[in-house]
Protein chains: 2
Amino acid sequence: MGTGEKIMVKSADKSEVLKLGNQLCFPLYACAKEVIKIYRKPLEKIGLTYTQYIVMMVLWEFGKMKEKSLGEKIYLDSGTLTPVLKKLEKSGFVRRERLKADERVVQISLTDKGNKLKEKAKTIPQALDGCIHLSYDELVTLRGLLNKALEGTKEKY
Amino acid sequence: MGTGEKIMVKSADKSEVLKLGNQLCFPLYACAKEVIKIYRKPLEKIGLTYTQYIVMMVLWEFGKMKEKSLGEKIYLDSGTLTPVLKKLEKSGFVRRERLKADERVVQISLTDKGNKLKEKAKTIPQALDGCIHLSYDELVTLRGLLNKALEGTKEKY
DNA sequence: CATAATTAAATTGTGTGCAATTTATTTTAA
DNA sequence: TTAAAATAAATTGCACACAATTTAATTATG
């Protein structure tokens with residue numbers, strides 16, 4: 001056992017770096033896509049896309065919000081959010097109104113129809129049941145780690 | 001303490017279901033987007049988009065592949081994959097050739113330029129260093145749970 | 001062996017997602 | 001107090017992502 005072993009181990013490690021199985025980014029990307037795919041059909045039944053569903057969840061939880069704050073909460077800028085909100089408005093789920101006190105700001109609020117939709121939406125999360133083979137504890141751990149990772153990304157530099 | 005408590009607890013639980021913090025789908029969606037955002041700049045320097053990077057990692061690991069198998073590995077269908085592969089071909093990183101034995105199948109292989117790119121790509125995963133505040137153990141746990149969850153979604157029904 | 005069924009890519013249409021820019025409004029400062 | 005800086009949405013351009021359909025080739029079957 002001379003220097004050969006060390007060198008082999010080092011070069012083996014290096015060549016492993018880019019393998020899909022050793023990456024965090026790949027399962028994260030793929031898993032997020034698969035979950036969105038699973039939600040698509042049940043969401044379609046209540047008239048929402050996935051992104052619209054995320055927006056509606058924020059509004060159901062926090063009520064009326066400025067477009068800016070809404071975007072910060074779900075990590076979307078106006079380039080994505082404005083068209084999504086216009087579609088939700090066209091579907092009759094939200095109102096978009098400029099604040100009189102500051103005409104730059106668009107206030108988003110729920111219509112009656114938007115409020116009522118919450119009841120129908122309560123069964124949506126069950127779409128994952130049976131599709132993701134994790135125990136309750138694993139699920140809680142996963143959610144916790146994702147939220148912690150997400151927290152870290154807020155400090156941009 | 002009559003039946004009131006039970007009812008309150010039940011209805012409280014119900015109203016919690018759709019809160020962002022209680023959902024798996026939201027941190028998964030948001031975290032995946034943030035990671036892709038972090039990778040964007042370093043990837044741009046070596047001439048790749050995020051999806052192209054995922055494709056190249058598969059090719060670096062497995063070599064020549066049929067478009068179909070490639071798509072299955074990264075959960076993408078031809079609707080997304082065909083244009084991505086055409087761009088990678090135009091950039092000179094891959095070749096696309098119909099199999100003589102079966103003209104339906106497109107075989108994807110790396111060019112010299114595509115092979116050489118692997119060296120430059122080895123530093124890409126470091127982009128996450130400092131952006132995600134997880135210990136090594138947490139990272140391994142997170143990756144493991146994501147891969148396990150991903151595995152479950154393969155059985156569609 | 002000829003037609004039906006299957007398979008693999010490609011195409012089409014809709015909906016994000018984001019960087020960069022533009023427009024309108026408000027705040028800051030000279 | 002007015003020109004400059006900052007802020008919030010909207011717009012533009014490019015790149016996915018996917019369902020649904022189409023096209024071309026191969027395999028299965030009567």
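Proteins come first, then strands; the chains are lettered A, B, ... in the order of their sequence lines, and each starts at number 1. Given the structure is predicted, the values throughout are model-derived calculations rather than measurements.
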Quiz item: Taking only residues two or more places apart in sequence or in another chain, which ones pass side-chain contact (heavy atoms from CB on, under 4.5 Å) with A/Val58?
Solution: A/Phe62, A/Met65, A/Leu70, A/Lys73, A/Ile74, B/Leu20
Quiz item: For the hydrophobic clusters of this structure (ILVMFWY residues joined by side-chain heavy atoms under 4.5 Å, transitively), does one cluster hold both A/Tyr75 and A/Leu24?
Solution: yes
Practice problem: Could you pull out all residues at least two apart from A/Asp102 that satisfy side-chain hydrogen bond (donor to acceptor under 3.5 Å, both in side chains)? | Solution: A/Arg104
Quiz item: Nearest-Å distance, OH (A/Tyr39) to P (D/dC18)?
Solution: 16 Å
Quiz item: So does A/Arg40 get a side-chain nitrogen or oxygen closer than 4.0 Å to the phosphate oxygens (OP1/OP2) of D/dA19?
Solution: yes
Quiz prompt | Most 5' of A/Val84 and A/Ala101 on DNA chain C, judged by nearest nucleotide | solution = A/Val84
Practice problem: For DNA chain C, write out the stems as range with range, using runs of 3 or more consecutive Watson-Crick or G-U pairs with both distances under 3.5 Å. | Solution: C:1-30 with D:1-30
Self-check item: Any residue of residues 50-62 of chain A with a heavy atom less than 4.0 Å from an atom of DNA chain D
Solution: none
Quiz item: Considering residues at least two apart in sequence or located in another chain, which fulfil the side-chain hydrogen bond (donor to acceptor under 3.5 Å, both in side chains) criterion with B/Glu67?
Solution: B/Thr82
Practice problem: Would you mind listing every ring-ring contact (aromatic ring centres under 6.0 Å, His included) that reaches into residues 81-113 of chain A, with sequence neighbours excluded? | Solution: none
Quiz item: Atom CG of B/Leu85 and atom P of D/dA15: how far apart are they, to the nearest Å?
Solution: 15 Å
Practice problem: Name the closest nucleotide to the A/Glu103 side chain, picking from C/dT26, D/dA25, D/dC18. | Solution: C/dT26
Quiz prompt | Gap between atoms CD1 and C1', on B/Ile74 and D/dC16 respectively (whole Å) | solution = 12 Å
Quiz prompt | OP1 or OP2 of D/dC16 under 4.0 Å from side-chain N/O of B/Lys87 | solution = yes
Quiz item: Got a donor-acceptor contact below 3.5 angstrom from the A/Trp60 side chain to the B/Lys19 backbone?
Solution: no
Quiz item: For D/dA17, does OP1 or OP2 lie under 4.0 Å from any side-chain N or O of A/Tyr29?
Solution: yes
Quiz item: Which part of the nucleic acid, if any, lies within contact of A/Ile36, taking any heavy atom under 4.0 Å across all strands shown: a base, the sugar-phosphate backbone alone, or nothing?
Solution: nothing
Self-check item: salt bridge (Lys or Arg N to Asp or Glu O under 4.0 Å): pairs with one or both residues in residues 41-53 of chain A, sequence neighbours excluded
Solution: none
Quiz item: When you check every protein heavy atom under 4.0 Å of nucleotides 6-12 of chain C, what one-letter string (B, S, -) results, 5' to 3'?
Solution: -BSBBB-
Quiz item: Listed by chain and number, what are the ring-ring contact (aromatic ring centres under 6.0 Å, His included) partners of B/Tyr50, not counting sequence neighbours?
Solution: A/Tyr29, B/Tyr39
Quiz item: Quick one: B/Ile38 CD1 to C/dG17 P, roughly how many Å, whole number?
Solution: 17 Å
Quiz item: Tell me the salt bridge (Lys or Arg N to Asp or Glu O under 4.0 Å) pairs involving residues 81-99 of chain A, sequence neighbours left out?
Solution: A/Glu89-A/Arg96
Quiz item: Please give, in whole Å, the distance from D/dC18 P to A/Leu43 CG?
Solution: 15 Å
Quiz prompt | Under-4.0 Å side-chain N/O to phosphate OP1/OP2 contact, A/Lys37 with D/dA17 | solution = no
Self-check item: Under 4.0 angstrom between A/Tyr75 side-chain N/O and C/dG17 OP1 or OP2
Solution: no
Quiz item: Once you round to the nearest 0.5 Å, how far does CD1 of A/Ile54 lie from CG of A/Leu76?
Solution: 9.0 Å
Practice problem: Check the distance between D/dA8's P and A/Leu76's CG and give it to me in whole angstrom. | Solution: 16 Å
Self-check item: B/Lys100 NZ - D/dA25 P separation (whole Å)
Solution: 15 Å
Quiz item: Taking only residues two or more places apart in sequence or in another chain, which ones pass salt bridge (charged side-chain N to carboxylate O under 4.0 Å, His left out) with A/Asp77?
Solution: none
Quiz item: Sequence neighbours excluded, which residues qualify as salt bridge (charged side-chain N to carboxylate O under 4.0 Å, His left out) partners of A/Lys148?
Solution: B/Glu138
Quiz item: Starting at CG of B/Leu99 and ending at P of D/dA24, how long is that distance when rounded to a whole Å?
Solution: 19 Å
